[in-house]
Amino acid sequence: MNLASPLPLNDIRQIFSSNGIKITPQRIAVYQALMRLKHPGVEEVVEEVHKTFLTITVSTVYNVLEFLCEKNIIAKVRTSSGRMRYENHCQPHHHIYDEEKDVLTDYYDEELNALLKDYFDKKQIPGWEISDCQLYISGKYLRK
């Protein structure tokens with residue numbers, strides 16, 4: 001599912017260089033593909049990259065995705081079906097997963113963010129400093 005055009009190349013270069021990431025054609029191609037897709041798996045990213053970079057291997061795409069996750073440029077989201085998806089880091093959000101359609105949707109709710117932060121600030125889980133909290137909701141979308 002294509003949603004958006006990729007960031008301008010200069011913006012991607014800036015993101016990479018400000019995070020100490022060497023700029024390579026493979027990394028740019030994978031990042032641009034990810035920008036055009038909504039919560040893709042590796043297969044979808046490979047398919048999208050192959051539209052413009054035919055010689056890149058599945059292994060290279062996977063390695064770039066994992067590297068960008070390690071550098072906190074993108075994130076992994078595992079669905080309740082066990083499938084790994086990728087997304088760009090953006091403002092805090094949660095996920096709603098449609099089990100029937102295998103569709104992962106971003107859910108933005110500032111009030112929920114505040115409630116979760118307040119809850120964990122009060123709980124003070126021993127031995128933990130909570131840096132992030134994302135809610136994952138699984139179910140089926142009831143179409144009216």
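Values below: all heavy atoms of this structure, side chains included; hydrogens, waters and symmetry mates excluded.
- Between Tyr108 and His93, the ring-plane angle classifies as tilted under the 30° and 60° cut-offs.
- Judged by distance alone, with hydrogens and angles left aside, the side-chain atoms of Asn19 form a donor-acceptor pair with the main-chain N or O of Ile15 at under 3.5 Å.
- In this structure, Tyr141 is not a member of the same hydrophobic cluster as Tyr97, with clusters built from ILVMFWY side-chain heavy atoms closer than 4.5 Å.
- Atom CZ of Arg13 is separated from atom OG of Ser18 by 14.0 Å, given to the nearest 0.5 angstrom.
- Taking each heavy atom of His50 and Ile56 in turn, the nearest pair found is NE2-O, 2.8 Å.
- Looking at Glu66, its side chain never comes within 3.5 Å of a backbone N or O of Asn63 through a donor-acceptor pair.
- Of all heavy-atom pairs spanning Arg83 and Asp102, the tightest one is NH1-OD2, 3.5 Å.
- One distance of note links CD1 of Ile21 with CD of Glu70; it measures 10.0 Å at 0.5 Å rounding.
- Taking both residues in full, the closest heavy atoms of Pro40 and Leu34 are given as CG-CD1, 3.4 Å, listed atom of the first, atom of the second, then distance.
- Hydrophobic clustering (side-chain heavy atoms under 4.5 Å, transitive across Ile, Leu, Val, Met, Phe, Trp, Tyr) groups Phe53 together with Leu9.
- A side-chain donor-acceptor contact under 3.5 Å links His39 and Asp106.
- Annotation: side chain of Gln32 is in contact with side chain of Ile12 (closest heavy-atom distance under 4.5 Å).
- Note that Arg27 lies in the cation-pi zone of Phe67, set by a 6.0 Å cut-off to the ring centre and a 45° limit from the axis.
- Hydrophobic clustering (ILVMFWY, side-chain heavy atoms < 4.5 Å, transitive): Val42 and Met35 are in one cluster.
- Scanning both residues, Tyr86 and Ile74, for their nearest heavy atoms gives CD2-CD1, 3.9 Å.
- The shortest side-chain heavy-atom distance between Val64 and Tyr62 does not fall under the 4.5 Å cut-off.
- Interatomic distance, CD1 of Ile137 versus CD1 of Ile96, reported as 4.5 Å (0.5 Å rounding).
- For the residue pair Thr60/Gln26, the side-chain donor-acceptor check at 3.5 Å is not satisfied.
- Look at Glu87 and Lys76 and you find no salt bridge, because none of the NZ, NE, NH1 or NH2 atoms lies under 4.0 Å from a carboxylate O.
- Inspection of the Ser81 and Thr79 side chains reveals an N or O donor paired with an N or O acceptor under 3.5 Å.
- Closest approach of Glu99 to Ser138, counting heavy atoms only: OE2-OG, 2.7 Å.
- Within a 6.0 Å radius of CD in Glu43, other residues, nucleotides and ligands contribute more than 12 heavy atoms.
- Two different hydrophobic clusters hold Val77 and Val46 under the rule that ILVMFWY side chains link at heavy-atom gaps under 4.5 Å.
- Residues Trp128 and Pro126 fail the side-chain proximity criterion, which asks for heavy atoms closer than 4.5 Å.
- With a 4.5 Å cut-off on side-chain heavy atoms, Ile125 and Phe120 count as touching.
- At a threshold of 4.5 Å between non-hydrogen side-chain atoms, the residues Tyr31 and Leu68 count as touching.
- Between Tyr119 and Asp121, the side chains place no donor N or O within less than 3.5 Å of an acceptor N or O (distance only, hydrogens not considered).
- Between Arg36 and Glu48 the shortest side-chain heavy-atom distance falls below 4.5 Å.
- Between Ala75 and Cys69 the shortest heavy-atom distance is C-SG, 4.1 Å.
- In this view, Asp98 and Arg143 satisfy the side chain to side chain donor-acceptor pair (under 3.5 Å) rule, not counting sequence neighbours.
- Side-chain contact between Asp109 and Asn113 is absent, with no heavy-atom pair separated by less than 4.5 Å.
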Check the pair His94 / Leu116 against side-chain contact (heavy atoms from CB on, under 4.5 Å), numbers first and verdict last. CA-CA 11 Å; His94 310 281; Leu116 289 169; 3.5 Å; yes
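- The shortest distance between side-chain heavy atoms of Arg85 and Glu44 does not fall below 4.5 Å.
- Cluster annotation: Leu104 is not connected to Met84 through the hydrophobic network of ILVMFWY side chains, with a link wherever side-chain heavy atoms come within less than 4.5 Å.
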